[in-house]
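In each ligand, atom 1 is the first atom listed, and ligand 1 is the first ligand listed.
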Amino acid sequence: MKALIVGSRGQVGHALLASCPEGIVAVGRDMPELDITDEVAVRSALDAVRPDILLNVAAYTAVDRAEAEEADARRVNATAVGVLAVEARRVGARLVHVSTDFVFDGTVGRPYAPDATPRPLSVYGRTKWEGERLAGENALIVRTAWVYGPVGHNFVRTMLRLFATKPEVGVVADQIGTPTYAPGLAAALWSLALRGERGIHHFTDSGVASWYDFAVAIQEEALALGLLAQAVPIIPMATVDYPTPAIRPAYSVLDKQATFTALGGAAPHWRVRLRHMLKEIQSHG
Ligand SMILES: NC(=O)c1ccc[n+]([C@@H]2O[C@H](COP(=O)([O-])OP(=O)(O)OC[C@H]3O[C@@H](n4cnc5c(N)ncnc54)[C@H](OP(=O)(O)O)[C@@H]3O)[C@@H](O)[C@H]2O)c1
């Protein structure tokens, strides 16, 4: 069995390649060798690889920049997904597409089920929702949230840098979600794909946190492992005092019950995963 991973040098793409199950030949493509907005290039990549599974983890993920670059975000997050869906069908591949909790507005105050109605607040969320619809009913769509891993830009790596260089760090305390460790997400994607799941699934690690809680946990765990020399004050901030171009949902926890049942168990708590990632950094730098 062959799998083509597009966006393979991103956080999730890297983790997918690293955890490719036995018996599957995984081929990774990313910019600049494959731009998923280039229809001709996508067609020839699929003709060359002839995958059974096409995993799309390429995306325009700069949430704030997307507000000023809507057309660019739409080309990658929506239009290109439609092309991937058509091309996957043409070569008989199953499309696996990753989406986001930012399709929701975060106002209901309880976890969102996969069939809850999206109401995105940002260009990023809106274009990702368009992409979900263009992926089509035969695709497996996995919404996730707050992804971090040993590779790429993410909140954990940013906090570690700030804790080591700033006298204090302010972090928003009124946006609630769930951190998700990229290698755990990758394992879930492989498992759901190989089971032939279709439709919308939700997957994050277990538990709930604010960005502030997450930051405090990062500092505590990093201190315990000797990755930081000393603690700095972490100041809880309100979103209104930290304006960003894109509006983010206040409470975007996803209801994962159906996915956890399909996977045969719940994902570990986010703090367990965080400790794991920091131990990886401790041993490999
Ligand atoms: N990160 C999160 O917190 C989060 C949360 C919820 C959902 N998601 C979703 O999870 C998926 C994976 O996210 P991630 O965190 O792994 O993102 P990432 O680290 O930003 O990786 C995305 C990859 O896609 C590539 N890419 C961008 N435009 C492309 C194009 N036109 N053609 C081919 N490749 C292109 C990027 O290359 P460049 O770096 O060169 O642009 C990058 O290597 C995305 O669908 C994202 O929307 C992420």
| request: Could you tell me whether Arg133 and Glu130 have a side-chain N and a carboxylate O separated by less than 4.0 Å? | output: no
| query | With the threshold set at 4.0 Å, does a side-chain nitrogen-carboxylate oxygen contact exist between Arg198 and Glu137? | reply | no
For ligand 1, run through the N/O pairs with the protein that fall under 3.5 Å and put one pair on each line.
unit_1	atom_1	unit_2	atom_2	d
ligand 1	3 (O)	Val147	N	2.9
ligand 1	15 (O)	Gln11	NE2	3.1
ligand 1	16 (O)	Gln11	N	3.1
ligand 1	16 (O)	Val12	N	2.9
ligand 1	19 (O)	Gln11	N	3.0
ligand 1	20 (O)	Thr61	OG1	2.8
ligand 1	24 (O)	Ala59	N	3.4
ligand 1	31 (N)	Asp35	OD1	2.9
ligand 1	32 (N)	Ile36	N	2.9
ligand 1	34 (N)	Asp30	OD1	3.4
ligand 1	37 (O)	Asp30	OD1	3.3
ligand 1	43 (O)	Gly10	N	3.3
ligand 1	43 (O)	Asp30	OD1	3.4
ligand 1	43 (O)	Asp30	OD2	2.7
ligand 1	45 (O)	Val98	O	3.1
ligand 1	45 (O)	Lys128	NZ	2.7
ligand 1	47 (O)	Tyr124	OH	2.7
ligand 1	47 (O)	Lys128	NZ	3.0

| Centroid-centroid under 6.0 Å between Phe104 and Tyr112 rings | yes
| query | For the residue pair Trp146 and Trp211, is the inter-centroid distance of their aromatic rings smaller than 6.0 Å? | reply | yes
| message | Check for me whether the distance between the ring centres of Trp270 and Tyr181 falls short of 6.0 Å. | response | no
| query | Would you call Glu220-Arg271 a salt bridge at under 4.0 Å N-O? | reply | yes
